[in-house]
Protein chains: 2
Amino acid sequence: MTAPSESSAREPDEPAPDDGRVRTLERPEPATAAETIRWGLEAEALVTVFGRCTVEYEGRAASELGAGERHLLLKPDGGALVHTAEGQQPVNWQPPGCVHAVEPREGTLEVRSTRSTPAEELLVSFEETLHVGVFAMSEPDQLSIVGTEADLRERLLEEPSLLEPGFQPLAIERQTPAGAVDVFGEDRAGRTVIVELKRRRAGPDAVSQLRRYVDALERDLHTATDLRGILVAPSVTERAERLLAEHGLEFVALEPPRE
Amino acid sequence: MTAPSESSAREPDEPAPDDGRVRTLERPEPATAAETIRWGLEAEALVTVFGRCTVEYEGRAASELGAGERHLLLKPDGGALVHTAEGQQPVNWQPPGCVHAVEPREGTLEVRSTRSTPAEELLVSFEETLHVGVFAMSEPDQLSIVGTEADLRERLLEEPSLLEPGFQPLAIERQTPAGAVDVFGEDRAGRTVIVELKRRRAGPDAVSQLRRYVDALERDLHTATDLRGILVAPSVTERAERLLAEHGLEFVALEPPRE
DNA sequence: CCCTCCATATCGTCG
DNA sequence: CGACGATGTGGAGGG
């Protein structure tokens, strides 16, 4: 890795400038790193550690990862993420709510994150600590998102004829012995209609889900003949389409709104 | 945020030491930041940007996020992750395979990640760039993990009597019109057995899946009476248990091995 | 807590 | 590239 311009010299352990929101260490000694990381976690900051490390996990499953350069993210809510060069998902992690413990140990820096229910532990051992970053975070801002299944449901409720002329929605999340139905209503002829919504192309799972609700409601209402199940999604896979036909279920193409 | 020890002064834009594996910038100008980030991406390094920014996404859905301090991770494989103080998941992201573009623009630093199929774009606009990090990553190391569904299957195949005395596995991933069956075999009486495995407590979804396979194979083999469907998992939920009973399916408790 | 289900799910594998 | 199912799925909402 060749730098694009000249680098200034700064001794190991010498902290980078602290403007009150960022603090960094370059190649710190384990003891120095541990002190700064603990301080950052105490201050509810986001802490990063980059270096050569091994990772061990034990809990719902168990895993081992040999030595390599990794990027560790410690969140103020107790979450931990270990990222490698590849993949959107962290190679190892710990969910929010964990307790982070940082200890220098035999020349290495050990970061241990633990929780109970379920009992889980993540251990990241840095044999080389190349960078520590402490970043002051702002209060969380609300993410606004459109194009979800809830948006698709709103679209259908605002314009029920998108399902078919004469459709009348009567309830959302109506309970059945098999779970809650997305949209429950009646068609023009007064027949009960059960709608299962999917925000994207639907597969066999979606059909099974719809089938469960229809079965449950047929048993519950003893009205086997006058019950329709309709899958609403942008499209269906071929196997899903066959499953729908086999069980007398229907499909209506509809996309979630984009605004 | 009060530092645990004295900070040295370093001017903005003055790069931190470059030992060939880490390079950082503190409070860089947008143009300087863009240059270093481009250089880092070019070098297949992992690049981080911390600062105050807004985030916009448009693609499979669409989202907006107001200004706040966030941590951006740009991966050499083309992935992007925007992390806030909270949550294990990034608040916004882009999967691997994207093209990252970095531009200074009207006093801000814009990072844009795009891909096609599906067409998606993520735009992170930093109104304040507080830190840039460039980290040289090692080649990926294999993660070894135990306790998966595959491990549970191996356990069952090595000791078929764990299902029941006399069980004989005949195939794994046997194809049916509804998909592949986890384990396919015969019981002591010569009846066909379909096994669906779950590494953790099983819910209604797992029962539906098993039911689909049993239905498909009954139609395919025309042997409605001599076909058994067995769900193998550490445990089942109450609703799943009722669904199993309703459809004449069975349950056997078994956990994935831990070593 | 458990249960249930959505997700810009992501990821691997297979056709 | 699409389909299909596993995931240490995570996260939200309800009981």
Side-chain angles (χ1 to χ4, degrees), chain A residues 57-63 79 81 86-97 115 117-122 143 145-153 173 175-176 178-182 196-206 208-209 212-213 235-240 256 258, chain B residues 57-63 79-82 86-97 115-122 143 145-153 173 175 178-182 196-206 209 212-213 235-241 256 258:
Chain A
Y57 157 76
E58 177 135 17
R60 286 166 291 175
S63 74
L81 305 166
E86 298 179 356
Q88 176 174 111
Q89 297 304 131
V91 65
N92 276 112
W93 69 92
Q94 202 66 296
R115 70 161 175 165
T117 51
E120 289 190 299
E121 182 174 272
L122 179 73
L143 176 75
I145 185 168
V146 293
T148 65
E149 184 182 299
D151 295 319
L152 175 58
R153 184 181 65 199
E173 300 294 316
Q175 292 299 321
T176 77
V181 169
D182 281 342
E196 174 62 29
L197 302 168
K198 290 296 161 193
R199 67 168 300 282
R200 58 174 194 173
R201 187 169 171 83
D205 285 4
S208 289
Q209 208 180 328
R212 270 196 289 129
Y213 299 148
S235 59
V236 280
T237 66
E238 194 182 318
R239 194 175 281 173
R258 297 304 302 278
Chain B
Y57 158 76
E58 178 136 17
R60 285 164 292 174
S63 75
L81 304 166
V82 181
E86 297 179 357
Q88 179 175 349
Q89 298 304 130
V91 65
N92 278 111
W93 69 92
Q94 200 67 295
R115 69 161 175 164
S116 42
T117 49
E120 289 191 299
E121 181 174 272
L122 179 74
L143 176 76
I145 184 169
V146 293
T148 66
E149 183 181 299
D151 295 319
L152 175 58
R153 185 180 65 198
E173 298 295 314
Q175 292 300 321
V181 169
D182 282 343
E196 174 62 30
L197 302 168
K198 292 295 165 194
R199 68 169 298 285
R200 59 176 192 172
R201 186 167 171 87
D205 287 3
Q209 207 180 328
R212 272 196 286 129
Y213 299 148
S235 59
V236 280
T237 67
E238 194 182 322
R239 194 174 280 175
E241 199 168 27
R258 297 301 304 277

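These numbers come from a predicted model, not from an experiment. Letters go in sequence order (proteins before strands), and every chain restarts at 1.
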Please state how far atom OH in A:Y57 lies from atom P in D:dT7, giving the value in whole angstrom units.
-> 12 Å
Sticking with atom C1', work out how far C:dT10 lies from C:dC6, rounded to a whole angstrom.
-> 14 Å
Tell me whether the OP1 or OP2 atom of C:dT8 has a side-chain N or O from B:R115 closer than 4.0 Å.
-> no
Residue mapping more 5' on DNA chain D - nearest nucleotide basis, B:S116 or A:P96 = B:S116
Heavy-atom distance under 4.5 Å between the side chains of B:Q88 and A:P96, does that happen here?
-> yes
Do the side chain of A:D205 and the base of D:dG5 come within less than 3.5 angstrom through a donor-acceptor pair of N or O atoms?
-> no
Below 4.0 angstrom from OP1 or OP2 of C:dT10, is there any side-chain N or O of B:W93?
-> yes
B:E196 CD - D:dC4 P separation (whole Å) = 15 Å
Spacing of A:L197 atom CG relative to C:dT4 atom C1', expressed in whole Å = 16 Å
Base, sugar-phosphate, or nothing: which does B:A206 touch, judged by heavy atoms less than 4.0 Å apart?
-> nothing
Do the non-hydrogen side-chain atoms of B:D205 and A:R212 ever get within less than 4.5 Å of each other?
-> yes
With heavy atoms under 4.0 Å as the rule, sort A:Q94 into base, sugar-phosphate or nothing.
-> base
Expressed as a whole number of Å, how far does the P atom of D:dG8 sit from that of D:dC4?
-> 23 Å
Would you say B:S116's side chain and B:A119's backbone share a donor-acceptor pair under 3.5 angstrom?
-> no
Could you tell me the separation between the CD atom of B:E173 and the C1' atom of C:dC14, rounded to a whole number of Å?
-> 10 Å
Any A:T117 side-chain N or O less than 4.0 Å from OP1/OP2 of C:dC1 = yes
Tell me which nucleotide among C:dT10, D:dT7, C:dT4 gets nearest to the side chain of B:P204.
-> C:dT4
Compare the minimum distances between each of C:dA7, D:dG5, C:dC5 and the side chain of A:Q209, then state the nucleotide with the smallest one.
-> C:dC5
Phosphate OP1/OP2 of D:dG2: any A:R201 side-chain N/O under 4.0 Å | no
From CZ of B:R153 across to P of D:dG5 the rounded distance in Å is 15 Å
NA contact type, A:S63, heavy-atom cut-off 4.0 Å: base, sugar-phosphate, or nothing?
-> nothing
At under 4.0 Å between heavy atoms, what does B:P118 touch on the DNA or RNA strands: base, sugar-phosphate, or nothing?
-> nothing
Check every strand shown and say whether A:E86 touches a base, only sugar-phosphate, or nothing at a heavy-atom separation below 4.0 Å.
-> nothing
D:dT7, C:dT8, D:dG10: which one has an atom nearest the side-chain heavy atoms of B:R60?
-> C:dT8
Heavy atoms under 4.0 Å, any strand shown: does B:G87 hit a base, just sugar-phosphate, or nothing?
-> sugar-phosphate
In whole angstrom, what separates B:L143's CG from D:dA6's C1'?
-> 15 Å
Non-hydrogen side-chain atoms of B:D182 and B:E173 separated by less than 4.5 Å | yes
Output, in order, the C-alpha distance, side-chain angles, deciding distance and verdict of side chain to side chain contact (heavy atoms under 4.5 Å, CB included) for A:E58 and A:E121.
-> CA-CA 5 Å; A:E58 177 135 17; A:E121 182 174 272; 5.5 Å; no
Note: for B:L122 and B:T237 on DNA chain C, the residue whose nearest nucleotide lies more 5' is B:T237
Please tell me which of the listed nucleotides, C:dT10, D:dG8, C:dC11, lies nearest to the side chain of A:R200?
-> C:dT10
Between B:R199 and D:dA6, does any side-chain N or O lie under 4.0 Å from OP1 or OP2?
-> no
For the pair made of CD in A:E149 and P in D:dA12, what is the distance, rounded to whole Å?
-> 16 Å
Taking for A:D182 and for A:Q89 the nucleotide of DNA chain C with the nearest heavy atom, the one nearer the 5' end belongs to A:D182
Judged by atom type as modelled, is there a donor-acceptor pair below 3.5 Å linking the side chain of A:R258 to the main-chain atoms of B:A61?
-> yes
C:dT4 to C:dT8 separation - P atoms, rounded to the nearest Å | 23 Å
Remember a base hit wins even if backbone is also touched, and classify A:R212 as base, sugar-phosphate or nothing at under 4.0 Å, heavy atoms.
-> sugar-phosphate
To the nearest 0.5 Å, atom CD of B:Q94 lies from atom CD of B:E120 at 5.0 Å
Quick one: label B:A202 by what it contacts on the DNA or RNA (base, sugar-phosphate, nothing), any heavy atom closer than 4.0 Å.
-> nothing
Counting side-chain heavy atoms from CB outward, which of D:dC1, C:dT8, D:dG8 is closest to A:A61?
-> D:dG8
A:Y213 side chain near C:dT4 phosphate (N/O to OP1/OP2, under 4.0 Å) | no
Any luck finding a side-chain donor-acceptor pair between A:R199 and A:T148 under 3.5 Å?
-> no
Distance in angstrom units between A:Q88 CD and D:dT9 P, rounded | 18 Å
